[in-house]
Amino acid sequence: MDIQKYISSGILELYVYGALSEKESREVSRVLKEYPEVKAEVEEIEKALLTLSSAAAPNNAEHLIASIKKKLTKSPTATEPTETPVRKINWTTYSGWAASLLLLIGLFVFFNRTNDLREELSAERARNAQMEEQIANAREDAENAEELLAVIRDKDVQRVPLKGQNVAPEAYASVYWNTQENTAYIDAKDLPEPPRGKVYQVWSLTMQPLTPTSIGLLDDFEADDNKVFSLKNPNQSEAFGITLEPEGGSEAPTMEQLYVLGTVAAL
């Protein structure tokens, strides 16, 4: 066999690219075993392909080569011809293969980069949405704080301190009662978290005779960050108390679970 003619025929390049038929590949594999110079030429072709791939996709050269070979292998091939002598491939044909290879590399890199850009854009949109939500929450918190300050400073609002009782001596709360609007704002930040299945209930009290009237529950206590609750109070209250009751509240206060109590100062 004329080894130099075999090497220059171009069949070794097609073998490396995976573009030969199964029968042709077996034949080339046989020649590789017999002729070390042919094997060395194949190794040089593979090294050149790896260098070219690394230049196009530095971080993923091996994967790129595998992808290119897969694409070339899937190309439609003619029915296996009868065994014929290996024909010489001219430079025009070889250049066509090289151009196809470069095109595949370029497309591979382009689509990978496009996917990366899409992921970066999605991540940026998510960050923007999160930032917008944080800004909206900050504005809402500022508006709520301003509203609470206005309530506390209102001349028609009377503050009633509620002190801890036997069941919870360290507990504390305040009632800001607007007698003109019949609204009571309960500041409960110094009450402990209620146990599961329990809820705080607020009572308006008259003293002679002692008559408790429920004005509402401190629902969603744990979820409320500022622990300030607005309740309607049309009663002529002489005192306020807060008890711990079963979820849903009670018709009458459970006095053993009276957490805080305070009387309204005479005006």
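We count residues from 1, following the sequence as given. Being a predicted model, the structure only gives us computed values, none of them experimental.
The side-chain tip of Lys163 does not point at the ring of Tyr172 from less than 6.0 angstrom away and within 45° of straight on.
A single hydrophobic cluster is not seen to contain both Val260 and Leu205; linkage of ILVMFWY side chains at heavy-atom distances under 4.5 Å, directly or through other members, places them apart. By the rule that hydrophobic residues join a cluster once side-chain heavy atoms approach within less than 4.5 Å of another member, Phe229 and Ile215 end up as members of one cluster. Under a hydrophobic-cluster definition in which Ile, Leu, Val, Met, Phe, Trp and Tyr are linked whenever side-chain heavy atoms come within less than 4.5 Å, directly or via other members, Ile11 and Val38 are assigned to the same cluster.
Asp224 contributes atom CG, which lies 10.5 Å from atom CG of Asp219 (distance to the nearest 0.5 angstrom). The CE atom of Met255 sits 10.5 Å away from the CG atom of Asn166 when rounded to the nearest 0.5 Å. In this structure, the separation between CG on Leu32 and CD on Glu41 is 10.5 Å, given to the nearest 0.5 Å. Atom NZ of Lys198 sits about 15.5 Å away from atom CZ of Phe221, to the nearest 0.5 Å. Note that CG of Leu231 is 6.5 Å distant from CG of Leu218, once rounded to the nearest 0.5 Å. Here the CD-CD1 distance, from Glu44 to Ile7, works out to 11.0 Å after rounding to the nearest 0.5 Å.
Considering all non-hydrogen atoms of both residues, Ala184 and Val175 come closest at CB-CG1, 4.0 Å. For the pair Leu191 and Ala171, the tightest heavy-atom approach, listed with the atom from each and the gap, is CD2-CB, 3.9 Å. Between Leu261 and Gly241 the shortest heavy-atom distance is CD1-CA, 4.1 Å. Across every non-hydrogen atom of Ala239 and Val264, the tightest pair is N-CG2, 3.9 Å. Closest non-hydrogen pair, Glu37 versus Ile3, comes out as CG-CG2, 3.4 Å. Residues Tyr259 and Pro192 come closest through the heavy atom pair CE2-CG, 3.8 Å.
The number of heavy atoms from other shown groups lying within 6.0 Å of CZ (Arg196) does not exceed 12. Counting non-hydrogen atoms of neighbouring residues, nucleotides and ligands closer than 6.0 angstrom, the CD atom of Glu193 exceeds 12 such neighbours. For Asp2, the CG atom counts as densely surrounded, since its 6.0 Å shell holds more than 12 non-hydrogen atoms of other residues, nucleotides or ligands. Within 6.0 Å of CD on Glu34 lie more than 12 heavy atoms contributed by other residues, nucleotides or ligands.
Residue pairs meeting the side chain to side chain donor-acceptor pair (under 3.5 Å) criterion with at least one member in residues 202-212, sequence neighbours excluded: Trp203-Thr243, Ser204-Ser237.
Panel note: side chain Thr254, backbone Gln257; no donor-acceptor pair is recorded below 3.5 Å. The backbone N or O of Ala265 lies less than 3.5 Å from a partner atom in the side chain of Gln158, making a donor-acceptor pair. Put simply, the side chain of Asn178 gets close to the backbone of Glu181: a donor and an acceptor are under 3.5 Å apart. Remark: side-chain polar atoms of Glu24 are paired, donor with acceptor, to backbone N or O of Ser21 under 3.5 angstrom. For Gln201 (side chain) and Glu245 (main-chain N/O), no donor-acceptor pair under 3.5 Å exists by modelled atom type.
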For a side-chain hydrogen bond (donor to acceptor under 3.5 Å, both in side chains) check, start with the C-alpha distance between Glu22 and Ser25, then their side-chain angles and the critical distance, and finish with the verdict. CA-CA 5 Å; Glu22 184 178 348; Ser25 293; over 6 Å; no
Steps toward side-chain hydrogen bond (donor to acceptor under 3.5 Å, both in side chains) verdict (Tyr176, Thr183): CA-CA 8 Å; Tyr176 294 90; Thr183 304; over 6 Å; no
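Looking at heavy atoms from C-beta onward, Asn233 lies out of side-chain contact with Asn182 at the 4.5 angstrom threshold. For the pair Val160/Thr263, no side-chain contact is recorded, criterion being any heavy-atom separation below 4.5 Å from C-beta on. Counting only heavy atoms from C-beta outward, the side chains of Tyr6 and Leu12 approach each other to under 4.5 Å. Between Asp225 and Lys227 there is no side-chain heavy-atom pair separated by less than 4.5 Å. Using a 4.5 Å heavy-atom threshold, the side chains of Ile186 and Val228 count as separate. Between Leu244 and Pro194 the shortest side-chain heavy-atom distance falls below 4.5 Å.
With a 4.5 Å cut-off between side-chain heavy atoms of Ile, Leu, Val, Met, Phe, Trp and Tyr, the cluster of Leu217 takes in Val199.
Tyr185 and Trp177 have their aromatic ring centers separated by at least 6.0 angstrom.
Contact check on Glu27 versus Lys23 returns no salt bridge, with no Lys/Arg side-chain nitrogen under 4.0 Å from an Asp/Glu carboxylate oxygen.
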